[in-house]
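To keep things clear, I will list the structure first and then write my remarks on it.
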Amino acid sequence: MFAENNQKTIALSIAIPTYRRHQLLMDTLDSVVSQRPGFDFEVLVLDNECSLDLKTRVESFAQSITVPLRYLSVEAIGLHNGRNTGAQLSSGDIIVYIDDDVIAPQGWLENICQPFLDPAVGGVGGRTLPRWESPPPNWVKALEPSFFSLLDLGSETRAMTESELPYGCNMAFRRDLVVKLGGFPPDGVGGGWIEWRRGDGETGFARKVKQAGHVIMYSAEGWLYHRIPLSRQSFKFIRHRAMKSAVSGSYTKARQHNLSRSELLKDTFSNTKGLIKATIAWVVYSLCPRQARVDREIELVFYSVSLLYTLRLIVDQSLRQWVSQNSYSVIGSTSQMES
């Protein structure tokens with residue numbers, strides 16, 4: 001609990017969705033429960049694998065610490081289904097979301113919560129720095145930080161601008177806003193090489209928070225490390241991220257236009273033009289070194305998937321119904337353990 005305006009006390013919860021990354025999660029938990037913020041907090045592990053082995057490991061770990069720790073199995077696959085479950089079942093007024101592959105330095109928790117002392121603040125995005133498993137090649141270092149969910153807006157804590165949005169590996173929101181605004185649109189639901197039922201996640205939710213009149217702060221002091229393994233320093237990973245970005249962007253545009261068929265047709269035409277240009281550029285750069293052609297390859301993937309998604313929206317009524325939902329805040333928990 002910490003004091004707001006020296007009067008009201010606020011309960012705090014940390015929610016960590018996880019899926020098949022047991023040791024990374026345990027490293028994350030170790031850095032989180034080592035925090036000494038001067039107020040009480042609880043930790044929720046939201047397991048999409050529903051692993052008995054992980055539950056046992058978390059339960060054993062919980063017995064060795066004083067921080068309240070709960071294990072929750074979440075059957076509904078998807079990172080944001082875990083986040084929504086965390087919002088529904090946590091006890092905190094503030095809910096801090098992190099990924100299962102981060103390392104939080106001492107002072108992180110207190111600093112990322114500090115902006116909530118201002119009642120106008122609805123959310124906070126913390127500075128997120130990379131911890132590379134091995135030094136990245138030049139073509140990886142030249143990529144947009146968003147490919148690795150990295151956020152560095154400088155050394156000053158300030159309000160985020162309209163175009164600046166937090167990443168889910170290091171963010172916090174008032175819990176009542178998560179519930180009231182319908183939660184996070186899920187991601188990765190439906191499988192396949194394109195995740196058709198994928199929303200715009202934390203970025204879409206953050207936009208709703210801003211539209212509701214709340215401030216989202218950038219916390220330079222509430223920083224942590226995001227671990228980036230060697231497997232993510234590959235074009236296979238970057239291509240998959242570009243596909244996800246294309247689906248999420250098309251989802252956002254479709255909702256903004258209320259799924260208007262005429263607007264979807266305009267988007268189809270625009271994506272077709274973009275794909276033609278991207279294809280020509282890809283051919284021109286195809287014999288160049290990877291660093292010179294990677295942006296062209298990303299554009300080719302982005303416009304290809306955007307076009308396919310928009311066409312599917314036009315013909316698939318079930319997908320249109322899913323996209324038009326007002327709320328995705330569904331509890332997916334089947335069991336839990338509390339220390």
task = Measure the CZ-CZ distance between Phe205 and Arg83 for me, rounded to the nearest 0.5 Å.
result =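 Phe205 CZ to Arg83 CZ: 11.5 Å, rounded to 0.5 Å.
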inquiry  = Nearest 0.5 Å, please: how far is CZ in Phe39 from CD1 in Ile94?
reply    =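 With rounding to 0.5 Å, CD1 (Ile94) is 10.0 Å from CZ (Phe39).
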Steps toward side-chain contact (heavy atoms from CB on, under 4.5 Å) verdict (Asp40, Leu12) = CA-CA 7 Å; Asp40 295 334; Leu12 185 76; over 6 Å; no
query = Okay, side chain of Ser270, backbone of Asp267: is any donor-acceptor separation there less than 3.5 Å?
reply =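 Not at all, since once roles are kept as given, no pair shorter than 3.5 Å links the two residues.
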Look at [X] together with [Y] and state whether they make a salt bridge at an N to O cut-off of under 4.0 Å.
X	Y	answer
Glu162	Lys210	no
Asp316	Arg312	yes
Asp200	Arg255	no

Tell me, yes or no, whether the heavy-atom count around [X] atom [atom1], taken from other residues, nucleotides or ligands under 6.0 Å, exceeds 12.
X	atom1	result
Trp132	CH2	yes
Asp53	CG	yes
Phe235	CZ	yes

query = Going through the checks in order, is the side-chain hydrogen bond (donor to acceptor under 3.5 Å, both in side chains) test met by Arg175 and Ser90?
reply = CA-CA 9 Å; Arg175 179 176 170 271; Ser90 64; 3.3 Å; yes
Which side-chain N or O atoms in residues 14-21 pair as donor and acceptor under 3.5 Å with protein atoms at least two apart or in another chain?
residue: Thr18; atom: OG1; partner: Asp100; partner atom: OD2; Å: 2.7
residue: Arg21; atom: NE; partner: Asp100; partner atom: OD1; Å: 3.0
residue: Arg21; atom: NE; partner: Asp100; partner atom: OD2; Å: 3.4
residue: Arg21; atom: NH2; partner: Asp100; partner atom: OD1; Å: 2.6

query = Does any non-hydrogen side-chain atom of Arg57 lie less than 4.5 Å from one of Gln23?
reply =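 Yes, close enough: below the 4.5 Å cut-off.
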task = Would you name the heavy atoms of Val140 and Pro136 that are closest together and state the gap between them?
result =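 Closest approach of Val140 to Pro136, heavy atoms only: CG1-CB, 3.8 Å.
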